[in-house]
Amino acid sequence: MNERARHWQYEELPGVDLLRARYVHKTFVRHTHENFVIAAIADGVEVFHHGGGDQYAGAGALALVNPDTPHTGRAGVPEGWRYGAVYPPAGVVAEIAAETTALRGTPGFVSPVVDDPYAVGLVHQVLRAAEEGNALAADTLLRVAVTRLLRLNGGLLPRRDVRTAGARIAARARGVLEERMARPPSLEQLAAGLGTSPFALLRAFRDVYGMPPHAWLTDARVRRARQLLDAGTAPSEAAVAVGFTDQPHLNRHFTRMVGVPPGAYQRERKNVQDLR
C-alpha cells in the first residue's frame, strides 16, 4: 500500500495548514506545532504518544493536539491510517471560542482523542472545499468544525508559569538555543553559562518543555526552516541557516516532523504565494 501526503495552504484560509495523507510505515518523532492539530481519521488507526501515554484514534475519531504540545505519531494497525488534518492558528481558535462558547481565557482541547464521525466529516469537507477553491464553504465549515469540537471537548489551557528557579533556567536556556541555533553550545557549556549543572538543566528543561534540549532544538530548527521555505529560501540554504549539516540532514528531520519533504512543502507554499 503506497504512502502519500499533501501538505498545503489555501489562500482564503490564511495561516491554516492543510494535510491529506495515508501512512503505513511512517513514524513521526516527538515534535510540536505552533498551531492546533485537528486530525480526522478516515480509516485505519493512528497511535500517538501524548501526555505521558499512547493515544489511539481510529476511523471516525479525531486526534486533537494543542499548540506547543510534544507528541509523536505512527500506525496502530498493519494497513496504516488515512486522515485529513487542519492546523488553525491559536488566534483563529480563540476568536471562534469567544464568538461561540462561554470559554474565556486561552481555549484548547481537553482530551487528545474524540470519537465524532460528524466532526470528522466536517474536516474532510473543509479540505475538499479548499481543493475546489470554494472559499465560502472552506471558511464556514472550518468554523463549524472548531466550534463543535470546542463545545464537545473545549477547556482553558493552563498558563505555563516560570516562577520556579528551574523554570526560569529552562526559559533562559531556550533563549540561548534560539539565539545560537546554528552553532549551539554543548549541554555542559549551556549549563555552566546559566550557573547550574547539566543534569539539573536537563530535568528543568524536560519539565517545562516536555523534551530534552537537543530534541527541542531539532524541533525549533524545523520550525525555523519552515519559515525560511515559506519566504522562498532554497532548502539547501535553509538547512545550513538553521544549523543542519546539509540538505539531506534537513530532509530527514523535516519529513519525520512535517510529513512531507521540504521541497514538496515549498512547492505547495509557492503555489499559494503565486495566487496571492
Side-chain angles (χ1 to χ4, degrees), residues 2-29 31-42 46 63 65 67 71 73 80-93 122-142 145-146 218-242 244 246-276:
N2 292 330
E3 296 191 327
R4 59 186 183 275
R6 182 192 181 199
H7 193 295
W8 82 104
Q9 282 190 333
Y10 175 42
E11 67 273 14
E12 300 296 342
L13 295 178
V16 180
D17 287 339
L18 307 169
L19 176 72
R20 280 195 188 278
R22 171 180 284 283
Y23 295 124
V24 180
H25 306 293
K26 173 74 177 174
T27 299
F28 287 92
V29 298
H31 66 287
T32 64
H33 295 273
E34 292 177 296
N35 293 0
F36 282 87
V37 179
I38 302 175
I41 312 301
E46 180 187 14
V65 182
H71 60 287
W81 79 106
R82 180 172 63 88
Y83 70 112
V86 295
Y87 302 81
V92 170
V93 173
L122 287 172
V123 171
H124 286 283
Q125 289 177 57
V126 172
L127 299 173
R128 191 176 308 116
E131 289 169 334
E132 294 172 352
N134 189 335
L136 180 61
D139 193 12
T140 301
L141 291 164
L142 176 65
V146 172
T218 299
D219 188 47
R221 283 172 165 169
V222 169
R223 284 194 187 191
R224 183 77 58 83
R226 287 183 64 176
Q227 295 171 357
L228 293 173
L229 293 171
D230 288 347
T233 303
S236 58
E237 296 175 8
V240 175
V242 301
F244 290 121
D246 52 25
Q247 186 175 339
H249 194 195
L250 169 64
N251 289 356
R252 183 167 66 254
H253 289 291
F254 196 98
T255 305
R256 293 170 71 194
M257 293 181 179
V258 181
V260 296
Y265 172 91
Q266 189 176 54
R267 282 193 296 274
E268 292 286 359
R269 287 301 206 269
K270 186 177 186 303
N271 292 339
V272 173
Q273 297 293 337
D274 290 346
L275 285 168
R276 287 175 180 166

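The model shown is predicted, which means the values in this text are computed figures rather than measured ones. Note that these values count all heavy atoms, side chains included, but never hydrogens, waters or copies made by symmetry.
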**Message:** So that I can tick it off, tell me whether Arg269 and Asp17 are bridged by a salt bridge, with the cut-off set at under 4.0 angstrom between side-chain N and carboxylate O.
**Reply:** yes
**Item:** Min side-chain heavy-atom separation Glu12-Asp139 under 4.5 Å
**Value:** no
**Request:** Give a yes or no on whether the backbone of Leu228 and the side-chain of Glu237 come within a donor-acceptor separation of less than 3.5 Å.
**Result:** no
**Message:** Checking side-chain contact (heavy atoms from CB on, under 4.5 Å) between Val123 and each of Leu141, Ile38, Leu18, which is the one that passes?
**Reply:** Ile38
**Asked** Is the shortest heavy-atom distance from the side chain of Phe28 to the side chain of Lys26 under 4.5 Å?
**Response** yes
**Request:** Establish, for the pair Arg226 and Tyr265, whether the NZ or CZ atom is under 6.0 angstrom from the six-membered ring centre and no further than 45 degrees off its axis.
**Result:** no
**Prompt:** When rounded to the nearest 0.5 angstrom, what is the spacing between CZ in Arg224 and CZ in Arg221?
**Reply:** 10.5 Å
**Request:** Using the test side chain to side chain contact (heavy atoms under 4.5 Å, CB included), find all partners of Ala42 that sit at least two apart in sequence or belong to another chain.
**Result:** Arg82, His124
**Item:** Check ion pair Glu3-Arg22 (N to O, under 4.0 angstrom)
**Value:** no
**Request:** For the pair His33 and Tyr87, name the ring-plane relationship: parallel under 30°, tilted 30 to 60°, perpendicular over 60°.
**Result:** tilted
**Prompt:** Is a side-chain N or O of Tyr23 found less than 3.5 angstrom from the main chain of Gly259, in a donor-acceptor match?
**Reply:** yes
**Complete:** Shortest non-hydrogen pair, Leu250 vs Pro235, comes out as CD2-O, 3.5 Å
**Message:** How long is the straight-line distance from CD of Glu131 back to CZ of Arg128, given to the nearest 0.5 Å?
**Reply:** 8.0 Å
**Test item: His31 side-chain N/O and Val29 main-chain N/O as donor-acceptor pair under 3.5 Å** = yes
**Closest non-hydrogen atom pair between Leu229 and Ala238, with its separation** = CD2-CB, 4.4 Å
**Request:** Give a yes or no answer on whether the side chain of Asp219 reaches the backbone of Thr32 with a donor-acceptor pair at less than 3.5 Å.
**Result:** yes
